[in-house]
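In what follows, a structure is listed as structure tokens, so that the remarks can point back to it.
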Protein chains: 2
Amino acid sequence: MVQFSATARLDASFAALSDATRRGVLEQLARAEASITDLAARFHMTLTGMKKHIQVLERAGLVVTEKIGRVRTCRLGAQGLADEAAWIAGYHQLWNARFDALDQVIAELKAQENLDEPERH
Amino acid sequence: MVQFSATARLDASFAALSDATRRGVLEQLARAEASITDLAARFHMTLTGMKKHIQVLERAGLVVTEKIGRVRTCRLGAQGLADEAAWIAGYHQLWNARFDALDQVIAELKAQENLDEPERH
DNA sequence: TGAAAACTGAACCATATGGTTCAGTGTTAG
DNA sequence: CTAACACTGAACCATATGGTTCAGTTTTCA
């Protein structure tokens with residue numbers, strides 16, 4: 001659970017997720033860390049454009065970066081999407097079992113969280 | 001199973017979720033359906049302003065509306081947040097896989113400190 | 001019938017977003 | 001030493017967002 005103003009961070013991270021390029025960057029970084037140049041090439045845009053996306057992800061806490069020499073390396077933030085998953089799960093509790101598809105997905109999500117979350121960050 | 005790559009709808013619904021007022025509207029509608037006037041009053045904004053939020057939620061498929069007489073009633077859409085939860089769940093799998101791989105690399109490094117670099121990626 | 005309620009649509013405003021180009025700065029490799 | 005590389009920052013552009021006001025339209029109800 002996170003302490004600092006939950007709504008502002010939710011705003012930022014849902015906004016970050018609302019762009020297909022940024023979701024792609026997250027998926028990419030989940031596989032391997034990458035430089036901004038790497039990501040710019042993979043997503044067919046300028047360095048400057050990719051840098052802006054990285055800044056959005058960084059402000060949302062979804063990505064952290066480290067500059068060594070002339071290369072800025074991007075990695076996933078330790079926070080992950082726990083808060084966002086929690087919001088969706090909480091929303092679902094309000095909206096009781098009327099729709100089976102959501103039940104199933106949320107069950108899978110909770111199972112994964114319980115397995116993997118402890119002492120990872 | 002939910003489609004993993006409905007990018008346009010994911011764009012729209014994550015964008016819809018990036019505003020605290022709209023998340024509040026969803027929570028409210030999960031409890032009871034409401035008219036636009038109801039929601040505008042509850043969230044302290046003009047009717048026109050709330051109508052715009054409802055349109056955003058409707059375009060994302062998160063809310064459906066029906067106009068009877070002079071009142072437009074808003075309810076949650078049947079689609080729910082299944083696709084969004086599915087994207088986050090899939091991302092979690094990648095995210096955790098990455099940390100598992102990292103754990104393994106570290107273990108190998110500890111075991112055999114002087115041997116050549118284990119291939120990650 | 002007529003006034004009020006509930007919504008709709010247009011116009012406006014300030015700011016944010018997603019992208020670009022261009023002109024740098026600092027770092028590395030040859 | 002010099003050239004190429006990776007990034008940074010500023011400026012610019014078109015469009016979107018989150019809100020407003022104002023001027024309707026349709027529906028209800030006394």
Side-chain angles (χ1 to χ4, degrees), chain A residues 5 7-29 32-75 77 84, chain B residues 7-29 32-75 77 84 87:
Chain A
S5 75
T7 53
R9 216 191 78 90
L10 275 185
D11 283 5
S13 53
F14 278 130
L17 292 178
S18 74
D19 181 89
T21 297
R22 285 191 296 261
R23 289 195 304 275
V25 167
L26 287 181
E27 289 174 357
Q28 181 55 40
L29 293 182
E33 63 186 35
S35 70
I36 297 181
T37 297
D38 290 343
L39 294 168
R42 192 180 304 267
F43 291 92
H44 312 104
M45 71 176 57
T46 59
L47 240 195
T48 311
M50 179 53 70
K51 192 191 172 242
K52 284 191 178 185
H53 281 305
I54 294 298
Q55 283 171 338
V56 171
L57 289 166
E58 217 174 350
R59 264 184 260 120
L62 301 178
V63 159
V64 296
T65 71
E66 181 191 14
K67 189 164 187 179
I68 299 177
R70 60 185 172 179
V71 179
R72 181 173 293 281
T73 300
C74 307
R75 302 183 188 82
E84 296 68 34
Chain B
T7 51
R9 215 191 79 89
L10 276 184
D11 282 6
S13 52
F14 278 130
L17 292 178
S18 73
D19 182 272
T21 298
R22 286 192 295 261
R23 288 196 303 275
V25 167
L26 286 181
E27 289 173 357
Q28 182 55 40
L29 293 182
E33 64 186 36
S35 70
I36 296 182
T37 297
D38 290 343
L39 294 169
R42 192 178 306 264
F43 291 90
H44 312 102
M45 71 174 59
T46 59
L47 194 52
T48 310
M50 180 53 69
K51 192 191 172 244
K52 284 192 177 185
H53 281 306
I54 294 298
Q55 283 171 338
V56 171
L57 290 166
E58 217 173 351
R59 265 184 260 123
L62 301 178
V63 159
V64 295
T65 69
E66 182 192 15
K67 188 162 187 180
I68 300 176
R70 61 184 169 176
V71 178
R72 180 172 294 279
T73 300
C74 308
R75 301 182 189 84
E84 296 68 34
W87 187 88

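What's counted below: heavy atoms across the whole structure, side chains too, no hydrogens, waters or symmetry copies. Residue numbers start from 1 in every chain, and the chains themselves are labelled A, B, ... in the order their sequence lines are given, proteins ahead of strands. These figures come from a predicted structure and were not determined experimentally.
For B:Lys67, no side-chain nitrogen or oxygen approaches OP1 or OP2 of D:dT27 to under 4.0 Å.
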(request) Would you mind building the protein contact string for nucleotides 10-21 of chain D? One character per nucleotide, 5' to 3', B for base within reach (heavy atoms under 4.0 Å), S for sugar-phosphate only, - for untouched. (result) B-------BBBB
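With sequence neighbours excluded, the residues forming a salt bridge (Lys or Arg N to Asp or Glu O under 4.0 Å) with A:Asp11 are B:Arg23, listed by chain and number. For B:Ala34, the side chain to side chain contact (heavy atoms under 4.5 Å, CB included) criterion is met by B:Leu29, B:Asp38, B:Leu39, not counting sequence neighbours.
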Below 3.5 Å between N/O atoms, which protein atoms pair up with nucleotides 27-30 of chain C? Just atom names and distances, please.
| unit_1 | atom_1 | unit_2 | atom_2 | d |
| --- | --- | --- | --- | --- |
| C:dT27 | O2 | A:Arg70 | NH1 | 3.3 |

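With rounding to whole Å, B:Arg72 atom CZ is found 9 Å from C:dC7 atom P.
To the nearest 0.5 Å, the span separating CG on A:Leu17 from OG on B:Ser13 amounts to 10.0 Å.
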Would you be so kind as to tabulate the donor-acceptor pairs closer than 3.5 Å made by side chains of residues 64-71 of chain B, with sequence neighbours excluded?
| unit_1 | atom_1 | unit_2 | atom_2 | d |
| --- | --- | --- | --- | --- |
| B:Thr65 | OG1 | B:Glu58 | OE2 | 2.9 |
| B:Thr65 | OG1 | B:Arg72 | NH1 | 2.9 |
| B:Glu66 | OE1 | B:Arg75 | NH1 | 3.3 |
| B:Glu66 | OE1 | B:Arg75 | NH2 | 3.3 |

Kindly list each side-chain donor-acceptor pair under 3.5 angstrom involving residues 42-55 of chain A, sequence neighbours excluded, with atom names and distances?
| unit_1 | atom_1 | unit_2 | atom_2 | d |
| --- | --- | --- | --- | --- |
| A:Thr46 | OG1 | A:Gly49 | N | 3.1 |
| A:His53 | ND1 | A:Arg22 | NH1 | 3.2 |

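The two residues B:Ala16 and B:Ala60 make their nearest non-hydrogen contact at CB-CB, 4.1 Å.
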